[in-house]
There are 2 protein chains.
Amino acid sequence: MTAPIEFWFDFSSPYAYFAANEIEERLKRFRRPILWRPFLLGVAFRETGMGPISQAPLRGRYAIHDCRRIAGMLDLPFNLHEDFPFPSQALARAFYWLEARSLETATNFAKAAFATYFGVGHDLREPEAVIALATEFTDRPDLLVEWLGDEKAKRVLRERTAEALSKGVFGSPFVLVDGEPFWGWDRLPMVEAWLEPPVGLAKARGELAAADESVR
Amino acid sequence: MTAPIEFWFDFSSPYAYFAANEIEERLKRFRRPILWRPFLLGVAFRETGMGPISQAPLRGRYAIHDCRRIAGMLDLPFNLHEDFPFPSQALARAFYWLEARSLETATNFAKAAFATYFGVGHDLREPEAVIALATEFTDRPDLLVEWLGDEKAKRVLRERTAEALSKGVFGSPFVLVDGEPFWGWDRLPMVEAWLEPPVGLAKARGELAAADESVR
């Protein structure tokens, strides 16, 4: 199987920051490409009636505490900008522009964006900040500036977001392995178990399909 | 440290079923008592604006799939009753009646309740079903029948639920270790790491207190 593993996320999601830092290391032994897929979580929220967890009563305070705890556990810097959560349109649009040129470059840009926003604590809301970050990854930032002002950039991101929703992606991070959905940073060990099944999960794989049918 | 680890849950929560099956085994090496604490999640939902995940668009379908997958992984039976999610008042009130007589008996009753509802798939909404289950755990079911009709039973559960909320418990399962909150079955490995800290988490323990202060 060489179909890519899809890694969906919103750049404004701290749990996606943690997943972005771990996913390659955790999955590399399966030798499958990982396709990084930014989308707009806010659009999914409209479908599910959810909102940013950080703004929810009780849960919000817990989530930020939980993120600091995870950062400590993974030994990652975590400096939450006061603008959090932020609209990540410019970042996601820049990602897809870079991706059209090189998948690897776009992935490296995504990692740099997470490290900059959640690690260093620099805001990446405005196109100017995104372009400044992207200059490390392209020798034609002028074309990127043009792209970010273009209607096409909006359309591409809208299409990706629609694709996410059509695949049942409603949170961030969200991993799809041959259609099997895994929501959350904390499901990465389960993605591993799914790809390299122990007895229990191997059993589940067969039974799940039948069980899902029964609730249709 | 011999203060108990608090294990809060609603009997209607499938993730609590998984946690109930794992928590003792995972934590026994720390030799701390585990205090089982049923409460009414619906009351917490009113505070947080959340609702039963199983009834949420997209997420609900995912959650049930996720539960079947976890059950497969843990090799646990999982047969979801059509009455799910159910009001767990009678079960929780019976638990506290048993607990006043024996902590251990109440814990065993809780395990039996989870196994009956989520494993076998028998409904436990009505007091009659709860009493039938409890006859294994008491030689005075007549007194339990009386209790379940008593205003005091309601008051005790109301007080426990208020205690949960006052401690910041807003989901199920929810573990408190000396006040440190862990939400979800998937945080049990983190509870272990917290109690037996590796380098990263030990570092986090000190930094977290300071960070939480800063957002107050």
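Letters go in sequence order (proteins before strands), and every chain restarts at 1.
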Which atoms of F78(A) are under 4.5 Å from chain B, going by heavy atoms: the side chain, the backbone, both sets, or neither? neither
Nearest 0.5 Å, what's the CG-CZ distance between D186(A) and R187(B)? 4.5 Å
Below 4.5 Å, heavy atoms only, C-beta onward: do D66(B) and M190(A) meet side chain to side chain? yes
Heavy-atom closest contact (W183(B) atom, Y62(A) atom, distance): N-OH, 2.7 Å
Just jot down the side chain to side chain contact (heavy atoms under 4.5 Å, CB included) partners of E128(A), sequence neighbours excluded, or say none. E126(A)
Quick one: of G184(B), A44(B), P181(B), who has the most non-hydrogen atom pairs under 4.5 Å with chain A? P181(B)
Verify the neighbour count for atom CD of E104(A): are there more than 12 heavy atoms of other residues, nucleotides or ligands below 6.0 Å? no
Cation-pi check, R69(B) onto F182(A) ring (under 6.0 Å, within 45° of axis): yes
For H81(A), I'd like to know if atom NE2 has over 12 heavy atoms of other residues, nucleotides or ligands within 6.0 Å. yes
